[in-house]
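Worksheet: the structure to be examined is printed underneath.
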Amino acid sequence: MYRYDEFDDTFVRERVAEFRGQVARRLSGDLTEEQFKPLRLMNGLYLQLHAYMLRVAIPYGTLSARQLRQLAMIARKYDKGYGHFTTRQNIQYNWPALIDVPDILSDLADVEMHAIQTSGNCIRNVTSDPYAGAATGEVDDPRVWSEVIRQWSSLHPEFSFLPRKFKIAVTASDEDRAAIKVHDIGLRLYRNEEGDRGFEVLVGGGLGRTPFIAETIRAFLPERRLLSYLEAIMRVYNRHGRRDNKYKARVKILVSVDPDDFRRQVEKEWEKSDKDRLDAPLEELLRIRRHFAPPNFEMLTQDSAALNDARRDNEEFNRWISVNSRAHRQPGYAIVNISLKPIGKPPGDISADQMDAVADIAGRFSFDEIRATHEQNLCLPHVKKDDLFAVWRALDGAGLATANIGLASDIIACPGLDYCDLANARSIPIAERIAERFADPRKAADVGELKIKISGCINACGHHHVGHIGILGVDKKGEEFYQITLGGSGAEDASIGAITGRGFSSSEVVDAVDRLVDFYKDSRKPGERFLDAYRRLGAEPFKEALYGETSH
Amino acid sequence: MARLRIKDGRAAVDDRAKGQEITLDAWRDGVRPEAGRFELSIPNTEDVEALAAVVSRFDAVILDFPTFQDGRAYSQARTLRERLAFKGEIRARGDVLCDQALFMIRCGFDALDIGDGDIEGFRRALNAYSAVYQPAGDDMTPIRMRRLPNSVAA
């Protein structure tokens, strides 16, 4: 993991001191809320309907056990004993008092963390693959480049007052676990035919009111030219992005007007730039890379007798292994996903005691490392297969052994009308009722991979556009209705879901999802996922299943 | 209307007489300065690179922040300093608040029209950071260069 040196430490401490002064000026009335707003937003502090909300950055989703324990401490001391993991690998606290926030930031700085740029019209906290350094088929550790971007973007003087927020995601695998095609910039590191490493650079993806899949604006960028190229993209956006209409200000709108023109402008800007000055020196890249050296794995055989025995003896454990664990590149190790979607609870929530439990388990069994995923779950990246049973027992003891990763009840949902004043409809109760419908593990396993995503309004915080089944809450004459979209994906096969037709009432929508799933089960080929069946069969038969043949 | 000039991280009140300001529109209409110190004011929608030949004839360029949220002039300032190697004064005008002052200086501004802003507040803000991560339009040494072995800037 990356460790701060004296410079990083000084930087976040100075940031805390600066914000402490700004909070004092706000509390004394020296700053109006309007003047204070962009300052607090750049420190991750939102003002919601009833209270402040603090969003803490977890750069590229990587946490140490010590950091997670500190997050638990903060949840207890300054909040109501829990936190909420977001779809951008961050954690949010919902009840901090303004006067405490500088102290929270100082406690975060003690464990090399901050809340810089988790909000505001700036370059947001960079996200990446939660399986980085553990997954098979990676050409490099994407966290090396994510850290390069974190440092470069921190208080960037030119790009802190952009037309709108700006999100960058990095992956180094063919399998996309970072949703790079629905980010403002998506970076995919790969090797070209000459064997050189470089980035495919995608720009202009996004969800919200007008969803777009990102355009590739450069097929191959030599990796060492990353920062100068990012500067060129950012400058074109800063100069030409729309500032007259908040809903048309994201870079996706600028790109979508004329992708070729955008590409030409970026290339022109980049051609003229002083690349050697802007790009990170090789020594610095090496220094950062050393922090991401693999942990001291034991030399093991791929197969674990202890694991095989435990799977044979314990059906529940066996199911959890099948559903929640993934292949690791190191023989004898596995990646373990921790679901934060227990049936009947808000997605992504975790108590302080559970955070401590995960930190202890990571300390004993996963080289001290924890990852946050963009699907609002956690992950232990490096667990010995021999230890999996002990890990499962410990997670189960903390109420964290739900076996539903990637299944129908592993739902992404925004806070919705229960918490958010932008929402048109509730999300969490719908998520809970769908999860209950698919709670039976045998039923869920039979349905297989099914990504259901729910947003309570058009802003799409629940990513419904990229759900295999997406659900969008709308307000229809004062009543909550739910529109269903089908065929979306946020992965390497990214696509935007298509609207099926008229919406369903809150009492109808769970049955509607069930009808879609039943139709899929009757129509699939062996081993075919819901998404693939939809893509093969097209929208019509699914619409018939939803609305009956009389609907058209 | 206080004006600050910033040199080597220190802000001093600029009490020189104001120069003669010519807007870009006036310049395009054929207005030409006569004698003394000349300042060109440029809207933040302009491509300053296309104005290389014009700005080189002025002692100062004035760039505009219609609101502090509108950050286009940051890009203009860096382009003037880094690409056109403009050596004259670059002054920020409009919604210039102390909390953005360091960003401005880092992009190459060396003068700020601060209205009735608190000069001490600006001084504090300009000295809030001893370390920065990225090269920009100023001469602060980025952290990554200070980390290099044998760096004299460490």
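This one's a predicted model, so the numbers in the text were calculated from it and none came from an experiment.
With a 4.5 angstrom heavy-atom cutoff, A:Ile288 does not touch chain B via any of its atoms. Heavy atoms closer than 4.5 Å to chain B are found in both the backbone and the side chain of A:Ser154. Only the backbone of A:Glu34 comes within contact range of chain B, with at least one heavy atom under 4.5 Å from a heavy atom of that chain. Heavy atoms closer than 4.5 Å to chain A are found in both the backbone and the side chain of B:Asp47. Neither the backbone nor the side chain of B:Asp95 comes within less than 4.5 Å of any heavy atom in chain A. For A:Arg164, no part lies under 4.5 angstrom from a heavy atom of chain B. There is no contact between A:Glu6 and chain B, counting heavy-atom distances below 4.5 Å. With a threshold of 4.5 angstrom between heavy atoms, A:Asp279 approaches chain B through N, CA, C or O but not through any side-chain atom. Within the 4.5 angstrom heavy-atom criterion, atoms from both the backbone and the side chain of A:Ala280 approach chain B.
Ring orientation note: the planes of B:Tyr74 and B:Phe109 are nearly perpendicular, at an angle over 60° on the 30°/60° scale. A:Tyr2 and A:Phe292 have parallel rings, their planes meeting at less than 30° on a 0 to 90° scale where 60° marks the start of perpendicular.
Most heavy-atom pairs under 4.5 Å with chain B: of the set A:His240, A:Arg239, A:Glu283, A:Glu18, this distinction falls to A:Arg239. Ranking A:Thr10, A:Asn121, A:Leu155 against chain B, the residue ahead of the rest is A:Leu155, based on heavy-atom pairs under 4.5 Å. When B:Cys107, B:Ala77, B:Ala73, B:Pro149 are compared by the number of non-hydrogen pairs under 4.5 Å with chain A, B:Cys107 comes out ahead. Contact count versus chain B (heavy atoms, under 4.5 Å) is highest, among A:Arg277, A:Arg15, A:Arg25, for A:Arg277. In terms of heavy-atom pairs under 4.5 Å with chain A, the best-connected choice from B:Ala125, B:Ala136, B:Ala131, B:Pro142 is B:Ala136.
Side chains of B:Tyr133 and A:Asp8: a donor-acceptor N/O pair is present below 3.5 angstrom, by distance only. Residues A:Trp152 and A:Glu231 have side chains that bring a donor and an acceptor to within less than 3.5 angstrom of each other.
Side-chain atoms of A:Asn90 come within 3.5 Å of backbone atoms of A:Ile58 as a donor-acceptor pair (strictly under, hydrogens ignored). For the pair B:Asp14 (side chain) and B:Arg16 (backbone), a donor-acceptor distance under 3.5 Å is present. Here the side chain of A:Arg40 pairs a donor or acceptor atom with the backbone of A:Leu45 at under 3.5 angstrom. In terms of modelled atom types and a separation under 3.5 Å, the side chain of B:Gln20 and the main chain of B:Arg37 share no donor-acceptor contact.
Among B:Arg83, B:Arg78, B:Gln76, the single residue meeting the side-chain contact (heavy atoms from CB on, under 4.5 Å) criterion with B:Val48 is B:Gln76.
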